[in-house]
**Q** 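Below you'll find the structure I mean.
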Amino acid sequence: MSSLLRKMASKKQRATEILLILKRLYPGATCSLDYQTPVQLLVATILSAQCTDERVNKVTPALFQRYPDAAALAYGDRQEIEELIHSTGFFRNKAKNIQGACRKIVEEFDGEVPQRMEELLTLPGVARKTANVVLAHAFGILAGVTVDTHVKRLSQRLGLTKATDPIRIERDLMKLIPQPDWENFSIHIIYHGRAVCAARKPLCGECQLAHLCPSVQAG
DNA sequence: ATCCCGAGGG
DNA sequence: CCCTCTGGAT
């Protein structure tokens, strides 16, 4: 066996070990966005860009009460939607994308969120991260690994990828993690990123992954 | 000043 | 590759 292959195998084992520990640490961890339907999950995920899930969950109840489905959102009042989602940031882009995506869902996909990656990616404001979240949690379809800011940061710190581009990071992770665990990995990494491995002040001293982490620091 | 379940445009 | 869009918390 070449040294390259050995390296790959050990990295794969490390990824498996990491996920095992995180599953024990955060049992029952799931998508932390609140939603009732696939359309609502899609909208909540669009809103989650550069914004905490907690903050998204504060605006979606009023948004979905006023505009409960794709048709209501698509043909609703742009300014009112902007006001309802204002505190999530990027509110003009997000409102435009939500309405554009919902209009396309109504007019081209028969009012249903498409269940294929290729189709989801044609919706405005939807790229791989959002598509992966919707496919996994609304439909149970594991098309890829959700790479958000936490997955990116922790995957790099844990030495699972050297890439900086989310697409390449996703490709690396898809090779390291067995498909049934693709979304589990993202969810658990996100929990750990919020609770322990924060961007600014990682708590390496109390990190259960420290023995597997090449970036662990004292303190 | 930096970060939060990003995406699109140049 | 770069830049822009945005508010709220730390």
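Below, read A as the first sequence line, B as the second, and so on, with proteins coming before strands; counting in each chain starts at 1.
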**Q** Could you state the atom-to-atom distance from CG of A:Asp148 to P of B:dC4 in whole Å?
**A**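 My rounded result for the distance is 8 Å.
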
**Q** So which of residues 24-38 of chain A are in contact with DNA chain B, with a heavy-atom cut-off of under 4.0 Å?
**A**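 Those residues whose heavy atoms fall under 4.0 Å from DNA chain B, taken from residues 24-38 of chain A in numerical order, are A:Cys31, A:Ser32.
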
**Q** How many Å lie between CD on A:Glu82 and P on C:dT6, as a whole number?
**A** 8 Å

**Q** Please say whether more than 12 non-hydrogen atoms of neighbouring residues, nucleotides or ligands are located less than 6.0 Å from CZ in A:Arg78.
**A**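 Enclosed: over 12 neighbouring heavy atoms sit under 6.0 Å from CZ of A:Arg78.
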
**Q** In whole angstrom, what separates A:Leu154's CG from B:dC3's P?
**A**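 It works out to 14 Å between those atoms.
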
**Q** What integer distance in Å separates A:Phe185:CZ from B:dC5:P?
**A** 16 Å

**Q** With nearest nucleotide decided by heavy atoms, which residue, A:Gly125 or A:Arg194, maps closer to the 5′ end of DNA chain B?
**A** A:Arg194

**Q** How long is the line joining CD1 of A:Ile85 and P of C:dC5, in whole Å?
**A**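 Distance, rounded to whole Å: 16 Å.
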
**Q** How is A:Ile187 classified with respect to the nucleic acid when contacts are heavy atoms under 4.0 Å: base, sugar-phosphate, or nothing?
**A**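 Base contact.
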
**Q** Please confirm whether the shortest side-chain N or O distance from A:Thr130 to OP1 or OP2 of B:dA7 is below 4.0 Å.
**A**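 Looking at the OP1 and OP2 atoms of B:dA7, one of them is under 4.0 Å from a side-chain N or O of A:Thr130.
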
**Q** Do we get A:Arg194 above A:Tyr191's six-membered ring, with its NZ or CZ under 6.0 Å from the centre and within 45° of the axis?
**A** yes

**Q** Is a salt bridge present between A:Arg14 and A:Glu17, judged by a nitrogen-to-oxygen distance below 4.0 Å?
**A**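 No, A:Arg14 and A:Glu17 are not salt-bridged.
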
**Q** Is it true that, when you exclude A:Glu54 itself, more than 12 heavy atoms of the residues, nucleotides or ligands shown sit nearer than 6.0 Å to its CD?
**A** no

**Q** Applying a 4.0 Å non-hydrogen cut-off, can you work out what A:Val147 is touching in the nucleic acid: base, sugar-phosphate, or nothing?
**A** nothing

**Q** Are any of the side-chain nitrogens in A:Asp172 or A:Lys162 under 4.0 Å away from the carboxylate oxygens of its partner?
**A** no

**Q** Quick one: closest heavy-atom pair of A:Val151 and A:Phe185, and the distance?
**A** CG1-CE2, 4.5 Å

**Q** So A:Thr146, base contact, sugar-phosphate only, or nothing? Heavy-atom distance under 4.0 Å.
**A**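 Base contact.
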
**Q** May I ask you to verify if any side-chain N or O of A:Thr149 is less than 4.0 angstrom from the OP1 or OP2 atom of B:dC4?
**A** yes

**Q** Between A:Arg153 (CZ) and B:dC4 (C1'), how many Å, whole number?
**A** 9 Å

**Q** Rounded to whole angstrom, note down the C1' distance from C:dG7 over to B:dG9.
**A**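 Going atom to atom, C1' in each nucleotide, I get 22 Å.
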
**Q** A:Asp165 has an atom CG; how far is it from atom P of B:dG6, in whole Å?
**A**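 After rounding, the gap between these two atoms is 15 Å.
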
**Q** Restricting to nitrogen or oxygen on both sides, can you table the protein-nucleotides 7-10 of chain C pairs closer than 3.5 Å?
**A**
unit_1 : atom_1 : unit_2   : atom_2 : d
C:dG8  : O3'    : A:Arg55  : NH2    : 3.0
C:dA9  : OP1    : A:Arg55  : NH2    : 3.3
C:dT10 : O2     : A:Arg200 : NH1    : 3.1

**Q** For B:dG10 and C:dT6, measure between their P atoms and round to the nearest Å.
**A**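 That atom pair is separated by 16 Å.
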
**Q** Applying the 4.5 Å side-chain criterion to the ILVMFWY set and letting contacts propagate, would A:Leu135 and A:Ile177 be lumped into a single cluster?
**A** no

**Q** Between C:dC1 and B:dC4, how far is it from one C1' atom to the other, in whole Å?
**A** 24 Å

**Q** Is there any side-chain hydrogen bond (donor to acceptor under 3.5 Å, both in side chains) pair reaching into residues 122-133 of chain A, and which pairs are they, with sequence neighbours excluded?
**A** A:Ser48-A:Lys129, A:Arg128-A:Glu170, A:Asn132-A:Glu170

**Q** When rounded to the nearest Å, what value does the distance between P atoms of C:dT4 and B:dC5 take?
**A**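 That atom pair is separated by 24 Å.
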
**Q** Using heavy-atom distances to pick each residue's nearest nucleotide on DNA chain B, tell me which of A:Asp53 and A:Leu121 is more 5'.
**A** A:Asp53

**Q** Quick one: does A:Ile81's side chain get under 4.5 Å of A:Gln99's, heavy atoms only?
**A**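 A side-chain contact exists here, since the closest heavy-atom pair is under 4.5 Å.
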
**Q** Across the strands shown, which category fits A:Pro124 at heavy-atom distances under 4.0 angstrom: base, sugar-phosphate, nothing?
**A** sugar-phosphate

**Q** Could you check how far CH2 of A:Trp182 sits from C1' of B:dC5, rounded to whole Å?
**A** 19 Å

**Q** Counting only N and O atoms by type, is there a donor-acceptor contact under 3.5 Å from the side chain of A:Gln40 to the main-chain atoms of A:Pro68?
**A**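 Yes: the side chain of A:Gln40 pairs with the backbone of A:Pro68.
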
